[in-house]
Engineer: 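Starting off with a structure, shown below.
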Amino acid sequence: MIEATLCFPMRSRSNGDDPTASADDAPDEVLLIEKRRGLGEGWYNGPGGKLESAETPRECAVRETREEVGLGIDPADLEKAGELRFLLNGEEHTFCHVFRTTEFDGEPAASAEARPEWVPVEDVPYDQMWEDDRLWLPTVLEGETVRGEFRFEAEGDEPLDEAEFVDHDLETGVSFEAGD
Ligand SMILES: Nc1ncnc2c1[nH]c(=O)n2[C@H]1C[C@H](O)[C@@H](COP(=O)(O)OP(=O)(O)OP(=O)(O)O)O1
């Protein structure tokens, strides 16, 4: 089983050059990446990837976000927003920790793995993303929490991103342990 992370940096559009903006404005843009290689290539997602040995999920989300788009994040500024279990042909394939943050340093920059893009939350391109994303990501972008199981079926050795999405269970408003 693979353990992985996704990280969704968010900001308020009005906190740019708008003199009427307030620091309290709710975040309404999310930083997505267009994945340039590997699993989910060509699709949009959050920065993220697989845990390396001895790494915590928070450390992984921070490292992947820095490697993929160049943003610096303090692990303590990550808010745990979800836990997603992806099953392939009935077997656990990936367990994914989802984080959200409005605190980060730097400007996003492209890497070999990812092309970053700030996207208004109402324009998230769900038709160019993993099919399950439309089921849980809107809740995460609204500031809520999710726990879900998503079941895929594949023929032979097809990878997860070529498998058929068949069904799911989803819970919202879940609690996570401090430090998860
Ligand atoms: N079904 C689904 N929906 C949304 N997001 C995902 C899935 N399945 C997934 O695996 N994912 C996410 C979880 C991870 O963030 C990435 C996959 O990680 P990957 O890019 O393979 O990991 P890296 O460690 O960056 O890869 P390499 O360095 O080995 O290229 O997709």
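For ligands, and for the atoms within them, numbers begin at 1 and follow the listed sequence.
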Engineer: Linking Ile, Leu, Val, Met, Phe, Trp and Tyr by side-chain heavy atoms under 4.5 Å, what else ends up with F99?
Structural biologist: L31, I33, V62, V69, L71, I73, L78, F104, W118

Engineer: Would you mind writing out a table of all protein N or O atoms found under 3.5 Å from any N or O atom of ligand 1, naming both atoms and giving the distance to 0.1 Å?
Structural biologist:
| from | atom 1 | to | atom 2 | distance (Å) |
| --- | --- | --- | --- | --- |
| ligand 1 | 1 (N) | D132 | OD1 | 2.7 |
| ligand 1 | 3 (N) | D132 | OD1 | 3.2 |
| ligand 1 | 3 (N) | D132 | OD2 | 2.9 |
| ligand 1 | 3 (N) | D133 | OD1 | 3.3 |
| ligand 1 | 5 (N) | N45 | ND2 | 3.1 |
| ligand 1 | 15 (O) | T5 | O | 2.7 |
| ligand 1 | 15 (O) | G49 | N | 3.3 |
| ligand 1 | 20 (O) | K35 | NZ | 2.6 |
| ligand 1 | 21 (O) | K50 | NZ | 3.0 |
| ligand 1 | 22 (O) | K50 | N | 3.3 |
| ligand 1 | 22 (O) | K50 | NZ | 3.4 |
| ligand 1 | 24 (O) | K50 | N | 3.0 |
| ligand 1 | 24 (O) | E64 | OE2 | 3.3 |
| ligand 1 | 25 (O) | E64 | OE1 | 3.4 |
| ligand 1 | 25 (O) | E113 | OE2 | 2.9 |
| ligand 1 | 26 (O) | K50 | NZ | 3.3 |
| ligand 1 | 29 (O) | K50 | NZ | 3.2 |

Engineer: Does C96 offer a backbone N or O that forms a donor-acceptor pair with the side chain of T94 under 3.5 Å?
Structural biologist: no

Engineer: Is the closest side-chain donor-acceptor distance between Y126 and E131 under 3.5 Å?
Structural biologist: no

Engineer: Between E142 (side chain) and T139 (backbone), is there a donor-acceptor pair under 3.5 Å?
Structural biologist: no

Engineer: With side chains defined as the heavy atoms from C-beta onward, is the minimum distance between L32 and N45 less than 4.5 Å?
Structural biologist: no

Engineer: May I have the step-by-step check of ring-ring contact (aromatic ring centres under 6.0 Å, His included) for F95 and H93, ending in yes or no?
Structural biologist: CA-CA 7 Å; F95 185 84; H93 181 281; over 10 Å; no

